[in-house]
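For reference, the structure is listed below as structure tokens.
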Amino acid sequence: MRDDGTLDDPYAPSNPTTDTEGGTSAERTTAASRLRAYARDLTGRRRAQVALATGVVCCLGLAATAQVRNEDADAATRVASPSTSEMAQRAEQQRASRSLDRTAAPSASATATPADPDTTAPARKAKPVRPTRPAPVAGLDRAQMENAEAIVRTGREMGVPRRGLVIAVATAMQESNLYNVASGVLPESQDYPHQGVGWDHDSVGLFQQRSSSGWGPVGRLMDPEFATRQFLSALEQVPGWQQMRLTDAAQAVQVSAYPDHYQQHEWRATRVVDAIVPAGR
């Protein structure tokens, strides 16, 4: 309390100053100082807050960038390095594929790689192809044609010219009608394969040769090949037989009671020989 009886103002400055229209100069100085201090404090806080916010944002950005990089690295790792389960699955598939190739795949490699000659099975030999037998011609049946073939085959083995083959076939046509005939006079001749029985003395076989005249044993004369050899061997002993008429050459060997009958068979015999041995062979 002042002496004048008034109370002291607790908020009044300790040193009295002169009042002015805008307040005392001391009051104005103090207020300005406070404002400047407050402004500096506020500015510092804001700078600190901005710096803090900036730091937080930077940290968050770095964290996000790191996370993205980590995720990219993880993805790349997953692509480049499959997981254990994936590797196991792939290995299982490969084993199954190899197993399937071994059990079900055709042996293509065997055909591509030459086999060991020591382990190769021997090649099968091709079966010989039988020559096609000529069909009967000139009115002959199969048995007659086969007998004609036996005459021609034997004559070719002996090297007899084609003309001799025609003479031999024509002679057999006249003597036995190209059948291997046994003799009713010689029952022994019937013990051999034959195609009929004749009664012209003891004459037998394709050329009706007589054992009693020195042509050979009965059993041998019943063999078409042997009988043919006997006839052609005698024909080759006839001088100039190749220039003779067919009937004369045959008669020189057979000495038949009908010497001209052989001639009628020349055209048929020629056709048969041509069917068995084509011209040029």
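When reading the values below, keep in mind they use all heavy atoms of this one structure, side chains included, and skip hydrogens, waters and symmetry mates.
When the side chains of ILVMFWY residues are joined at heavy-atom separations under 4.5 Å, either directly or via intervening members, Val137 and Val169 end up in a single hydrophobic cluster. Taken together through direct or relayed side-chain contacts under 4.5 Å among Ile, Leu, Val, Met, Phe, Trp and Tyr, Tyr179 and Val152 form parts of separate hydrophobic clusters.
Counting heavy atoms from C-beta outward, Ser176 and Gln195 have side chains that stay 4.5 Å or more apart. Contact of the Glu225 side chain with the Arg153 side chain is not registered, since no non-hydrogen atoms from C-beta on lie closer than 4.5 Å. When side chains are defined from C-beta on, Arg163 counts as touching Trp241, because their heavy atoms get closer than 4.5 Å. Residues Val181 and His194 form no side-chain contact, since every pair of their non-hydrogen atoms from C-beta on lies 4.5 Å or further apart. A heavy-atom distance below 4.5 Å is not found between the side chains of Gln230 and Phe207. In this structure the side chain of Leu140 reaches within 4.5 angstrom of the side chain of Leu178, judged on heavy atoms. Counting heavy atoms from C-beta on, the side chains of Tyr262 and Ile167 never come closer than 4.5 Å. Taking the side chain as every heavy atom from C-beta outward, Pro136 and Asp141 never approach each other to under 4.5 Å.
Closest heavy-atom contact between Ser233 and Met158: OG-CE, 3.7 Å. Minimum heavy-atom separation, Ala182 to Gln190: CB-CG, 3.9 Å. Contact record, Val197 with Gly184: CG1-N, 3.3 Å, taken as the closest heavy-atom pair. Between Ala135 and Met145, the closest heavy-atom pair is O-CE, 3.5 Å. The two residues Val204 and Ser189 make their nearest non-hydrogen contact at CG1-CB, 3.8 Å. Gly205 and Gln208 get closest at one heavy-atom pair: O-NE2, 3.1 Å.
For the atom pair CD of Gln144 and CG of Leu206, the computed distance is 10.5 Å after rounding to the nearest 0.5 Å. Atom OG1 of Thr154 is separated from atom CZ of Phe231 by 13.0 Å, given to the nearest 0.5 angstrom. Atom CD of Gln174 and atom OH of Tyr258 lie 10.0 Å apart (nearest 0.5 Å).
Judged by distance alone, with hydrogens and angles left aside, the side-chain atoms of Ser211 form a donor-acceptor pair with the main-chain N or O of Gly216 at under 3.5 Å. A donor-acceptor pair under 3.5 Å links the side-chain atoms of Gln251 to the main chain of Ser256, judged by distance alone. Judged by distance alone, with hydrogens and angles left aside, the side-chain atoms of Arg268 form a donor-acceptor pair with the main-chain N or O of Ala138 at under 3.5 Å. Arg220 contributes no side-chain N or O that, together with a main-chain N or O of Ala227, makes up a donor-acceptor pair within less than 3.5 Å.
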Derivation and outcome, side-chain contact (heavy atoms from CB on, under 4.5 Å), residues Ile151 and Leu165: CA-CA 7 Å; Ile151 293 173; Leu165 304 180; 5.8 Å; no
Please test Glu266 against Gln263 for side-chain contact (heavy atoms from CB on, under 4.5 Å), starting from the C-alpha separation and ending with a verdict. CA-CA 6 Å; Glu266 183 172 2; Gln263 190 64 42; 2.4 Å; yes
What's the verdict on side-chain contact (heavy atoms from CB on, under 4.5 Å) for Asp260 and Arg245, showing C-alpha distance, side-chain angles and the deciding distance? CA-CA 10 Å; Asp260 294 330; Arg245 292 191 308 155; 4.0 Å; yes
Show the numbers, then the answer: is there a side-chain contact (heavy atoms from CB on, under 4.5 Å) between Val185 and His201? CA-CA 6 Å; Val185 178; His201 304 290; 5.8 Å; no
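More than 12 heavy atoms of other shown residues, nucleotides or ligands fall within 6.0 angstrom of atom CZ in Arg229.
With respect to Thr270, the side-chain contact (heavy atoms from CB on, under 4.5 Å) criterion is satisfied by exactly one of Val272, Val273, Asp274: Asp274.
Side-chain atoms of Gln254 and Glu175 include a donor-acceptor pair closer than 3.5 Å. Asp202 and Ser183 share no side-chain donor-acceptor pair at under 3.5 Å.
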